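In what follows, a single structure is set out as structure tokens and then discussed.
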Amino acid sequence: MREPRHISSRAHALVKTLHRLATEPAASRRLGQVWLEGDHLARAFLARGGRAALAVVGTSAWLQPGPRELALQAAEIVVIDDALLPEISSLESPAPIGFLIDLPSSGQQPLPGVATVVLDRLQDPGNVGTILRSAAALGVRQVLAMKGSAALWSPKVLRAGMGAHFALHLVEALAPDDLDALAVPLVATSSHAAAAIDQLALPAPCAWVFGHEGQGVGPELMARCALTVTIPQPGGEESLNVAAATAICLYESARQSRR
């Protein structure tokens, strides 16, 4: 078994890097790396064929068979003093292990001809992560984030996504013209649409567009949509949470495809 490196100082460069990745939403974009805190994200990454460059594990966890076995899946291992774990976490109870990986979406382009979700300036990381989970569960191949959207690889989105990131092709910071390469119809929801989502045949594949929590889909993107539909709300609420609306739309697309 290879020997791990040991870190006991909060002034160490790696500790500072992990602190930024754990606490700054846009740090992954700037640094080109992602900190997968906790065994759930680490195992989800491995389950999708990922190979971690570095595992970081607390001193106590390193002595336990489970975390040690997980850490040994990485190319390199760092054992960090337990007292430093809060420095590399944004959680109240820091996880004792995590992987440092290269940013998967760096330099990627949208895939043409596949089921897609487009996020137009969504701000809430919980919504974004939940949408990623729904997309992965319901057969969507990729999620594209327009400029102004929450960072897909931020710590809060990663936690809400629960590993869905590794099942999806993800591209960020796109402009409207970048969607021309999709070669599938864009579809959006609108309270002003004439047809309900369950009353017409949805194009398959298509790209569902979901907009800002307060402002909805922007006019430029809405003008590009080949179809708009409404989600019936017999309870009379004004609108649905965007993550809930996404799940409904993706389920209806999946249902019609199976039929």
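Treat the numbers as computed from the prediction; the structure is a model and nothing was measured.
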Which atom of Ala42 lies closest to which atom of Leu70, heavy atoms considered: CB-CD2, 4.0 Å

task: Show the numbers, then the answer: is there a side-chain hydrogen bond (donor to acceptor under 3.5 Å, both in side chains) between Asp102 and Gln33?
output: CA-CA 4 Å; Asp102 292 332; Gln33 295 177 301; 4.7 Å; no

query: How far apart are the closest heavy atoms of Ala53 and Ala75, and which atoms are they?
result: O-CB, 3.6 Å

query: Do Thr17 and Ile88 come within less than 4.5 Å of each other through their side chains, counting heavy atoms only?
result: no

message: With clusters defined by side-chain heavy atoms of hydrophobic residues (ILVMFWY) lying less than 4.5 Å apart, directly or transitively, does Val78 cluster with Leu36?
response: no

statement: Heavy-atom closest pair (Phe210 atom, Val217 atom, distance to 0.1 Å) is C-CG2, 4.0 Å

task: Report the distance from atom CZ of Arg43 to atom CD1 of Ile97, rounding to the nearest 0.5 Å.
output: 7.5 Å

query: Which pair of heavy atoms, one from Arg133 and one from Ala160, lies closest together, and at what distance?
result: CD-O, 2.9 Å

For residues 181-203, which side-chain N or O atoms pair as donor and acceptor with protein atoms under 3.5 Å away, sequence neighbours left out?
unit_1, atom_1, unit_2, atom_2, d
Ser190, OG, His192, N, 3.1
Gln199, OE1, Ala196, N, 3.4

- request: Check Ala71 against Ile77 and note the closest heavy-atom contact, atom names and distance.
  value: O-CG1, 3.6 Å

query: Does some side-chain heavy atom of Ile7 sit less than 4.5 Å from a side-chain heavy atom of Val79?
result: no

Side-chain heavy-atom pair Val143, His165 within 4.5 angstrom cut-off: no

query: Mind checking what makes side chain to side chain donor-acceptor pair (under 3.5 Å) contact with Ser134, not counting sequence neighbours?
result: none

message: With a 4.5 Å cut-off on side-chain heavy atoms, are Leu174 and Lys147 touching?
response: no

- request: Indicate yes or no: at least one non-hydrogen side-chain atom of Ile131 is less than 4.5 angstrom from one of Trp208.
  value: no

message: Ignoring hydrogens, what is the shortest heavy-atom contact between Leu122 and Gly211? Give both atom names and the distance.
response: CD1-O, 3.1 Å

message: As an exercise, state the distance from NE2 of His40 to CE of Met162, rounded to the nearest 0.5 Å.
response: 3.5 Å

Pairwise distance CG(Leu144) to CG(Leu179) - rounded to 0.5 angstrom: 6.5 Å

query: Going by heavy atoms in the side chains, are Arg20 and Trp35 under 4.5 Å from each other?
result: no

- line: The reported gap from OG in Ser28 to CD in Glu172 (rounded to nearest 0.5 angstrom) is 8.5 Å

task: Decide yes or no on side chain to side chain contact (heavy atoms under 4.5 Å, CB included) for Val34 and Leu21, but give the supporting numbers first.
output: CA-CA 7 Å; Val34 179; Leu21 292 172; over 6 Å; no

query: Do the side chain of Ser89 and the main chain of Leu85 share a donor and acceptor less than 3.5 angstrom apart?
result: no

statement: Distance col, row Leu46:CG vs Leu41:CG, nearest 0.5 angstrom, shows 11.0 Å

query: Between atom CG of Leu14 and atom CG of Leu100, what is the distance when rounded to the nearest 0.5 Å?
result: 7.0 Å

query: What residues, two or more places apart in sequence or in another chain, satisfy side chain to side chain donor-acceptor pair (under 3.5 Å) together with Gln123?
result: none

message: Hydrophobic clusters here meaning ILVMFWY residues chained together by side-chain heavy-atom distances under 4.5 Å, can you tell me if Leu72 and Phe99 are in one?
response: yes

For residues 110-120, tabulate all N or O donor-acceptor pairs below 3.5 Å that involve a side-chain atom, not counting sequence neighbours.
unit_1, atom_1, unit_2, atom_2, d
Thr116, OG1, Val114, O, 2.8
Thr116, OG1, Gln142, NE2, 3.0
Asp120, OD2, Gly218, N, 2.8

message: Under a 4.0 Å threshold between the charged nitrogen and the carboxylate oxygen, would Asp124 count as salt-bridged to Lys156?
response: no

- request: Please examine the side chains of Leu84 and His12, heavy atoms only from C-beta on, and report whether any two atoms are closer than 4.5 Å.
  value: no

message: Do the side chains of Asp177 and Arg224 get close enough for a salt bridge, i.e. N-O under 4.0 angstrom?
response: yes

message: Atom CZ of residue position Arg30 - does it have more than 12 heavy atoms of other residues, nucleotides or ligands inside 6.0 Å?
response: yes

field: salt bridge (Lys or Arg N to Asp or Glu O under 4.0 Å) partners of residues 81-95, not counting sequence neighbours, each pair once
entry: Arg10-Glu87

- prompt: Are Val209 and Val229 connected, step by step, through hydrophobic side chains (Ile, Leu, Val, Met, Phe, Trp, Tyr) whose heavy atoms are closer than 4.5 Å?
  reply: no

Side chain to side chain donor-acceptor pair (under 3.5 Å) partners of Ser90, counting only residues at least two apart: Arg159

query: Is Leu18 linked to Val57 within one hydrophobic cluster, defined over Ile, Leu, Val, Met, Phe, Trp and Tyr using a side-chain heavy-atom separation of less than 4.5 Å?
result: no

query: Salt bridge check: are Arg121 and Glu213 linked by an N-O gap of less than 4.0 Å?
result: no

query: If we only count heavy atoms from C-beta on, is the Trp153 to Arg29 side-chain gap below 4.5 Å?
result: no

- prompt: Out of curiosity, does Met146 fall in the hydrophobic cluster containing Val242 (side-chain heavy atoms, cut-off under 4.5 Å, transitive links)?
  reply: no

